[in-house]
Engineer: 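The structure is given below, and queries will be raised subsequently.
This one's a predicted model, so the numbers in the text were calculated from it and none came from an experiment.
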Amino acid sequence: GIENVVASMGTAFTKLQTEVIKRSTQKVLLAMDADVAGINATISTAKSLYEEGLYDIEVLKHDRFKDVDELISNTDETKVMEALEKSVVTFEEYYRTMVTGSSKPNFEAIRKFLKLLAVKNNPMEVSMHINKISDKYGINSIDIRNEYDSFVKTNVVTDRKTGNDIEQQIRQDLNMS
């Protein structure tokens, strides 16, 4: 079976729940419902996890069943595990496909994400995400690192074209304001 499972009991995810999870693990798999409320809950929960320093977030991306209960109730354990393994994506991939509808690299989305990382400036988190992006899309990790470094060197907190606060802009894009 599946070990170390926590049910959030609805779409609200509290700071206390995040703190409890952080004491137990640094890796989280979100498996919310496939409806609009579930998508919004996934993004909101990932935001809470990021704010508490949990950056290794994966998402169960499913469209063949309403929720995990429906999958488990209608399928044997072996097929459940196979479906779960095939449907897990990084939060970044989940977000991009929810926003753009594409699994191809969206360079603007990657740049926005790198800018958010530059604001937070956590070296281990940065390395992990650069490697994930590089592996997933075949983009040279040195090129990704150079792009990230350019944001750090210029101390990017505002978008040079619009003058908007980058972190605030990204939070609005993610409906996290």
Side-chain angles (χ1 to χ4, degrees), residues 1-110 112-114 116-117 120 124-125 127-139 144 170-177:
I2 302 170
E3 297 178 3
N4 303 320
V5 175
V6 176
S8 63
M9 304 306 289
T11 58
F13 198 80
T14 68
K15 183 174 175 124
L16 178 61
Q17 288 170 309
T18 304
E19 291 169 357
V20 170
I21 289 172
K22 187 176 180 180
R23 283 183 279 191
S24 302
T25 186
Q26 291 296 305
K27 184 173 185 170
V28 177
L29 170 64
L30 300 175
M32 307 293 193
D33 292 357
D35 60 8
V36 172
I39 292 167
N40 289 334
T42 299
I43 293 170
S44 174
T45 300
K47 171 203 172 257
S48 297
L49 295 169
Y50 266 71
E51 287 176 347
E52 291 300 315
L54 290 165
Y55 306 113
D56 194 357
I57 303 170
E58 294 179 323
V59 178
L60 177 64
K61 185 176 171 219
H62 52 89
D63 51 13
R64 294 184 314 249
F65 46 92
K66 182 183 89 165
D67 55 27
V68 175
D69 180 56
E70 185 177 288
L71 170 68
I72 292 170
S73 298
N74 298 319
T75 314
D76 68 64
E77 185 177 338
T78 305
K79 289 186 179 178
V80 168
M81 296 308 288
E82 287 174 9
L84 293 176
E85 288 174 13
K86 291 178 183 176
S87 301
V88 173
V89 296
T90 65
F91 173 68
E92 298 83 1
E93 170 73 8
Y94 175 82
Y95 169 69
R96 188 176 50 268
T97 57
M98 291 297 106
V99 171
T100 67
S102 172
S103 60
K104 296 176 185 171
N106 176 326
F107 297 111
E108 189 56 35
I110 291 170
K112 281 186 177 183
F113 188 73
L114 291 174
L116 180 59
L117 290 177
K120 297 198 176 297
M124 289 174 51
E125 176 190 2
S127 293
M128 178 188 71
H129 285 296
I130 286 174
N131 290 334
K132 281 184 177 182
I133 293 167
S134 176
D135 291 345
K136 180 79 177 174
Y137 299 108
I139 302 170
I144 300 168
I170 292 168
R171 288 182 189 283
Q172 287 172 347
D173 290 348
L174 295 172
N175 289 324
M176 293 188 199
S177 303

Engineer: If you compare all heavy atoms of S134 against all heavy atoms of I139, which two are closest, and at what distance to 0.1 Å?
Structural biologist: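 Smallest interatomic distance, heavy atoms only, reads OG-O, 2.7 Å.
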Engineer: Would you mind reporting whether D56 and Q26 have side-chain heavy atoms less than 4.5 Å apart?
Structural biologist: no
Engineer: Between K15, Q17, K22, which is the residue that forms a side-chain contact (heavy atoms from CB on, under 4.5 Å) with E19?
Structural biologist: K15
Engineer: What's the shortest heavy-atom distance between D67 and E70, and which atoms?
Structural biologist: OD1-N, 2.8 Å
Engineer: Taking all non-hydrogen atoms of both residues, which atom of L54 and which atom of T25 are closest, and how far apart?
Structural biologist: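 Closest approach of L54 to T25: CD2-O, 3.4 Å.
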Engineer: In Å, rounded to the nearest 0.5 Å, how long is the span from CG of D33 to CG of L60?
Structural biologist: 10.5 Å
Engineer: Would you say that F13 contacts L30 through its side chain, given a criterion of any heavy-atom pair below 4.5 Å between the two side chains?
Structural biologist: no
Engineer: Could you walk me through whether I144 and K132 pass the side chain to side chain contact (heavy atoms under 4.5 Å, CB included) test, one step at a time?
Structural biologist: CA-CA 11 Å; I144 300 168; K132 281 184 177 182; over 6 Å; no
